[in-house]
Amino acid sequence: ITPSPTPSLKNLSASDSQLITVPRTDFVVSALDDPNVNDIAVSPDDKYLAVASNQGLLIYDLSTLDLLIAINEDGSVKKSVAWSPDGTQLAVGSGQTVWIWNFVNGSTDHEFSGHEVEMYHVTWAPDAPVVFSVANNGTFGSWNIKLGESIAPVRQFGMRTIQFSYEDDLICFNQGNQLFVAHLQNGTNWEFFEEHTDLITSVSWNPGGSYFVSSSYDGSLRIWELTREDSIRVLEKHTDQVLDVSWSPNGAYIASGSADLTTLIWDAETGEPVYQLRGHSDSIRSVAWFHDGSHLVTGSADGTIRIWEIP
């Protein structure tokens, strides 16, 4: 990554964003009354926003911001959501199960069991009908969506997050404070130094697949290159835990959401923050780019979602 001149920090406030307030629904979701936003995902065509919340699974039209669908098939808190690469299905971390919901016909395709505690993270393989899942206790599950069955038994790996690269069949995952990368086809593995001082919360690949970024409860982000065991850059400006991170589709920016009530957008080349987004009144739990890179969506424990146009 070649350094470029340090940019100046631009501040964006609530008035610079479009607001979605998650409604309270009639769904009975354990003892949690607040419509917290736990995870968000933009559809591959940038038309829809899926929201995993304490109120269930919600789908919004991104052109009108209208709520199209609100569903909670089992009354469980929804902690994670991910679109299939073709945009026809959603994987949802629903209580202790992985729920595969068909967006086209509005029905359940599969419900996978095996985890013993609440889900934390789900992700799709980019070129196969496969979903990986991680629960709050660090257990890992893998599911064949076409066959409707598990690929291997749920096992304890101490994971918190796992993410596929855009191509090359690479997956990045953590075990506690340490990061690993595996090539699913040729079996090559990379192990990286344990530089974070607290649990890693999220990882995201750059579009080229040779770099990735990690976020942590230690309040920092680190950029890593496959050819090195140590991080090549440390991003420090947040004043509290960093809960989510996402590399922009054009590779220029990295967005991070934090418990300090801010979202920062960093220049991926310099590691300097270029935008600070303020508008939420509680932790930013999820950040997601439009696939055309024009907007960033932030989801918060305050029960709101904000859509920011990034110049």
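Contact annotation: the side chain of Trp289 never approaches that of His291 to less than 4.5 Å [non-hydrogen atoms, C-beta and beyond]. Between Thr262 and Leu277, every side-chain heavy-atom pair lies at or beyond the 4.5 Å cut-off. With contacts defined as side-chain heavy-atom distances shorter than 4.5 Å, the pair Leu243/Ile284 does not qualify. Phe180 has its side chain out of reach of Cys172: every pair of non-hydrogen atoms, C-beta onward, lies at least 4.5 Å apart. Thr97 places none of its side-chain heavy atoms less than 4.5 Å from the side chain of His115. Within the 4.5 Å cutoff, side-chain heavy atoms of Leu296 are placed close to those of Thr263. A 4.5 Å side-chain heavy-atom check between Phe140 and Ile162 finds at least one atom pair inside the cut-off. Looking at heavy atoms from C-beta onward, Lys79 lies in side-chain contact with Glu118 at the 4.5 angstrom threshold.
Note that CG of Asn11 is 11.5 Å distant from OH of Tyr275, once rounded to the nearest 0.5 Å. Taken from CG in Leu261 to CG in Asp282, the straight-line distance is 7.0 Å, to the nearest 0.5 Å. In this structure, the separation between CD on Glu272 and CZ on Arg233 is 9.0 Å, given to the nearest 0.5 Å. Distance OH/Tyr253 to CG/Leu264: 13.5 Å, rounded to 0.5 Å. Rounding to the nearest 0.5 angstrom, the gap separating the CG atom in Leu49 from the NE2 atom in His295 is 12.5 Å. The distance from atom CD1 of Ile223 to atom CZ of Arg228, rounded to the nearest 0.5 Å, is 11.5 Å.
Centroid-to-centroid, the aromatic rings of Tyr48 and Tyr60 stay 6.0 Å apart or farther.
Lys78 has a carboxylate O that lies under 4.0 Å from a charged side-chain N of Asp74, or vice versa, which qualifies the two as a salt bridge.
Phe112 and His110 have parallel rings, their planes meeting at less than 30° on a 0 to 90° scale where 60° marks the start of perpendicular.
One side chain, His238 or Asp260, offers a donor N or O that lies under 3.5 Å from an acceptor on the other. For the residue pair Asn54 / Asn38, a side-chain donor-acceptor distance below 3.5 Å is found, with atom types taken as modelled. Glu73 and Ser94 share a side-chain donor-acceptor pair at under 3.5 Å. Looking only at atom types and distance, the side chain of His196 has a donor-acceptor partner in the side chain of Asp218 under 3.5 Å away. Remark: the Gln178 side chain and the Glu195 side chain contain no N/O donor-acceptor pair separated by less than 3.5 Å. A donor-acceptor contact closer than 3.5 angstrom links the side chains of Thr298 and His280. A donor-acceptor contact closer than 3.5 angstrom links the side chains of Asp39 and Ser286. No side-chain donor-acceptor contact under 3.5 Å links Asn102 and Ser107. A donor-acceptor pair shorter than 3.5 Å cannot be found between the side chains of Ser133 and His121.
Listed for the Asn177 side chain is a donor-acceptor partner under 3.5 Å among the backbone atoms of Leu199. A donor-acceptor pair under 3.5 Å is absent between the side-chain atoms of Asn206 and the main chain of Phe212, judged by distance alone. Proximity of a side-chain donor or acceptor of Trp205 to a complementary backbone N or O of Gln163 within less than 3.5 Å is detected. Judged purely by atom type and a 3.5 angstrom limit, Thr21 has no side-chain atom pairing as donor or acceptor with the backbone of Thr304. Remark: side-chain polar atoms of Ser53 are paired, donor with acceptor, to backbone N or O of Gly56 under 3.5 angstrom. Using modelled atom types, one side-chain atom of Ser300 and one backbone atom of Asp302 make a donor-acceptor pair closer than 3.5 Å.
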- Going through the checks in order, is the side chain to side chain contact (heavy atoms under 4.5 Å, CB included) test met by Ser220 and Glu236? CA-CA 5 Å; Ser220 74; Glu236 294 178 306; 3.9 Å; yes
- Residues Ile20, Val37; criterion side chain to side chain contact (heavy atoms under 4.5 Å, CB included); working and verdict: CA-CA 11 Å; Ile20 297 173; Val37 176; over 6 Å; no
- Message: Under the criterion side-chain hydrogen bond (donor to acceptor under 3.5 Å, both in side chains), I'd like the reasoning laid out for Thr161 against Ser202: C-alpha separation, chi angles, the key distance, then a yes or no.
- Response: CA-CA 6 Å; Thr161 186; Ser202 183; 4.6 Å; no
- Task: For side chain to side chain contact (heavy atoms under 4.5 Å, CB included), just list the numbers for Asp230 and Phe192, CA-CA rounded to whole Å, side-chain angles, deciding distance to a tenth of an Å, and then say yes or no.
- Result: CA-CA 6 Å; Asp230 57 334; Phe192 299 87; over 6 Å; no
- Query: Going through the distances and angles, do Phe157 and Thr139 end up as a side chain to side chain contact (heavy atoms under 4.5 Å, CB included)?
  - Reply: CA-CA 6 Å; Phe157 280 98; Thr139 53; over 6 Å; no
- Task: Check step by step if side-chain hydrogen bond (donor to acceptor under 3.5 Å, both in side chains) holds for Arg160 and Asn174.
- Result: CA-CA 6 Å; Arg160 187 70 166 178; Asn174 79 302; over 6 Å; no
- Task: Take Phe132 and Phe164 through the ring-ring contact (aromatic ring centres under 6.0 Å, His included) test and state the conclusion after the steps.
- Result: CA-CA 10 Å; Phe132 287 170; Phe164 283 88; 5.1 Å; yes
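What you find for Val42 and Val297 is that their closest heavy atoms are CG2-CG2, 4.1 Å.
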Show me the donor-acceptor pairs, under 3.5 Å and distance only, between side chains in residues 81-90 and residues at least two apart or in other chains.
from  : atom 1 : to     : atom 2 : distance (Å)
Trp83 : NE1    : Ala41  : O      : 3.0
Ser84 : OG     : Asp86  : OD1    : 2.7
Ser84 : OG     : Gly87  : N      : 3.4
Ser84 : OG     : Thr88  : N      : 3.2
Ser84 : OG     : Gln89  : N      : 3.0
Ser84 : OG     : Gln89  : O      : 3.3
Asp86 : OD1    : Thr88  : N      : 3.1
Asp86 : OD1    : Thr88  : OG1    : 2.8
Asp86 : OD2    : Thr88  : OG1    : 3.2
Gln89 : NE2    : Asp109 : OD2    : 2.7

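In the hydrophobic clustering, Tyr120 connects to no other residue, as no ILVMFWY side-chain heavy atoms lie under 4.5 Å from its own.
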